[in-house]
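Written below as structure tokens is the structure these notes are about.
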Amino acid sequence: MPGSEWGTATEQRFNVNLSILFTELPLLERPAAAAAAGFTAVELWWPWVDSPTPERSELDALKKAIEDAGVQLTGLNFYAGQLPGPDRGALSIPGAESERFRANIGVAADFARSLGCKALNALYGNRVEGVEAAEQDALALENLVLAARAADRIGAILLIETLNQPESPLYPLVSAPAGVAVVDRVNEATGLGNARFLMDLYHLSMNGEDLPSAIDRYAAKTGHVQIADNPGRGAPGTGTLPLEDLLGRLRKAGYEGWVGLEYKPGDRPSAAAFGWLPAEARAAR
């Protein structure tokens, strides 16, 4: 339940997603709020949903806010369209959205490099009516290859995420095998080996997947993990997922990376949504 504490949480490295938590605050105030709650690492969806290439002043202001708060940016999404909103990425959508994604690749990579961020997430994009799936998949591979190369230039990994079919019915990657298959295709195309699976346990559970089996099969190809409870996408303890056990299984399977807290705080301030996590487990070690 909320307020109960995880006994094994000190074995994990947690970061807070500032695009779903602390959103009651302006963007530039969120890094400091995460730090005040005891966290030392954060991640972000692309913050400028209308612009893949924001003004330098906007990038600099966010960089300063993150640095001034003393938190590490550990993950950043490439431009993904209106997210939150109707979109689920841009890279597989022919025309203007694909061009926006390409325009964003260097901007996002440079911003990540400026803050020592080592993971860039590329959301695939929805299926488009009237466009063959094979055409979208070919475009997606082209754009993911460009993104993987940009990530490699800054010493980062490229993440490819599985979402869930009930909430994202037009998104084609709605199973762990589908996401991992794209990871494999990108690595084969680039020869770089820096594409990794983003294992979001909430999305996989919404798809009805066998989570222990997915962990056992794909932990070695996983570059990042995100969690929320199910049902409700709330904090651990608000639903029925055995998240502490699942993260322990991931560790036993060799996963030592970040665990992103990508859940909704509910009808309370975000700072009150971390009662499940002991204060001493919030700062990354």
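We count residues from 1, following the sequence as given.
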Taking side chain as C-beta onward, heavy atoms only, is L192 less than 4.5 Å from L158?
no
Evaluate ring pair (Phe, Tyr, Trp, His ring centres under 6.0 Å) for F14 paired with F39, printing each intermediate quantity in order.
CA-CA 8 Å; F14 294 102; F39 293 94; 7.7 Å; no
Indicate yes or no for a side-chain donor-acceptor contact from N104 to the backbone of Y79 under 3.5 Å, with no hydrogens or angles considered.
yes
When rounded to the nearest 0.5 angstrom, what distance separates CZ in R13 from CD in Q72?
10.0 Å
Return yes if some donor-acceptor pair links the side-chain N/O of T40 with the main-chain N/O of A284 below 3.5 Å, else return no.
yes
If you group Ile, Leu, Val, Met, Phe, Trp and Tyr by side-chain heavy-atom gaps below 4.5 Å, do F78 and L27 land in one group?
yes
Looking only at heavy atoms, what is the nearest atom pair of Q136 and N126, with distance?
NE2-O, 3.0 Å
Could you walk me through whether F197 and T162 satisfy the side-chain contact (heavy atoms from CB on, under 4.5 Å) test, starting with their C-alpha distance in whole Å, then the side-chain angles of each, then the deciding distance to 0.1 Å, before giving a yes or no?
CA-CA 8 Å; F197 181 48; T162 289; 3.3 Å; yes
Does the R282 side chain pair with the main chain of L277, one donor and one acceptor, at a distance under 3.5 Å?
yes
With a 4.5 Å limit on heavy-atom distance, are the side chains of L204 and D200 in contact?
no
Would you say the side chain of D152 lies within less than 4.5 Å of the side chain of T190, judging by non-hydrogen atoms?
no
Taking atom CZ of R185 and atom CG of L144, what is their separation to the nearest 0.5 Å?
9.5 Å
Look at the side-chain heavy atoms of Ile, Leu, Val, Met, Phe, Trp and Tyr, link any pair under 4.5 Å apart, and say whether W48 and I105 land in one connected group.
yes
CD of E167: more than 12 outside heavy atoms within 6.0 angstrom?
yes
Do L250 and M199 have side chains that approach each other closer than 4.5 Å (heavy atoms only, starting at C-beta)?
yes
Mind checking whether V180 and L120 sit in one hydrophobic cluster, side chains of I, L, V, M, F, W, Y counted as touching below 4.5 Å?
yes
For A189 against L141, the heavy-atom pair lying closest together
CB-CD1, 4.4 Å
L201 backbone acceptor or donor facing S205 side chain under 3.5 Å:
yes
Between E29 (side chain only) and F22 (backbone N and O only), is there a donor and an acceptor less than 3.5 Å apart?
no
Quick one: does any side-chain atom of D229 pair with a main-chain N or O of T240 as donor and acceptor, under 3.5 Å?
yes
Is any side-chain heavy atom of L146 less than 4.5 Å from a side-chain heavy atom of L91?
no
Spell out, as yes or no, whether a donor-acceptor pair under 3.5 Å connects the side chain of T222 to the backbone of H224.
no
Please determine if R88 and E161 form a salt bridge, counting it only when a charged side-chain N lies under 4.0 Å from a carboxylate O.
no
Measure across P236 and Y263 and return the closest heavy-atom pair with its distance rounded to 0.1 Å.
CD-CE2, 3.7 Å
Could you check whether R127 pairs with D137 (Lys NZ or Arg NE/NH1/NH2 to Asp/Glu carboxylate O, under 4.0 Å)?
yes
Between A235 and A273, what is the shortest heavy-atom contact and its length?
CB-O, 3.8 Å
Counting only N and O atoms by type, is there a donor-acceptor contact under 3.5 Å from the side chain of S92 to the main-chain atoms of Y124?
yes
For the student: nearest non-hydrogen atoms of A156 and N194, plus distance:
O-ND2, 3.3 Å
Rounded to the nearest 0.5 Å, what's the gap from CZ on F274 to CG on L21? Could you check?
4.5 Å
V174 to E209 - nearest heavy-atom pair and separation:
O-OE2, 4.1 Å
State which residue, out of I20, N77, L62, fulfils the side-chain contact (heavy atoms from CB on, under 4.5 Å) condition with L44.
L62
Looking only at atom types and distance, does a side-chain atom of E24 sit under 3.5 Å from a main-chain N or O of P269, one as donor and one as acceptor?
no
With D216 as reference, evaluate K252, R249, K221 under the salt bridge (charged side-chain N to carboxylate O under 4.0 Å, His left out) test and give the passing residue.
R249
Side-chain donor-acceptor pairs of residues 106-114 under 3.5 Å, sequence neighbours excluded:
{"residue": "D110", "atom": "OD1", "partner": "R113", "partner atom": "NH2", "Å": "2.7"}
{"residue": "S114", "atom": "OG", "partner": "F111", "partner atom": "O", "Å": "2.7"}

Rounded distance [0.5 Å steps], CG in N207 versus OH in Y202
10.0 Å
Going only through I, L, V, M, F, W and Y residues with side-chain contacts under 4.5 Å, is there a path from I93 to V131?
yes
R100 and E97: CA distance, side-chain angles, deciding distance, salt bridge (Lys or Arg N to Asp or Glu O under 4.0 Å) verdict:
CA-CA 5 Å; R100 290 189 187 103; E97 279 296 86; 2.4 Å; yes
Taking the side chain from Y218 and the backbone from G179, do they hold a donor-acceptor pair closer than 3.5 Å?
no
For E262 and W45, does a side-chain donor sit closer than 3.5 Å to a side-chain acceptor?
yes
Are I157 and V186 grouped together when hydrophobic residues (ILVMFWY) are joined by side-chain heavy atoms under 4.5 angstrom apart?
no
Which distance, rounded to the nearest 0.5 Å, do you find between the NE2 of H203 and the OH of Y171?
8.5 Å
Tell me which one of N15, L261, L76, L18 satisfies side-chain contact (heavy atoms from CB on, under 4.5 Å) with V42.
L18
Using 0.5 Å steps for rounding, measure from the OG1 atom of T74 to the CG atom of L115.
11.0 Å
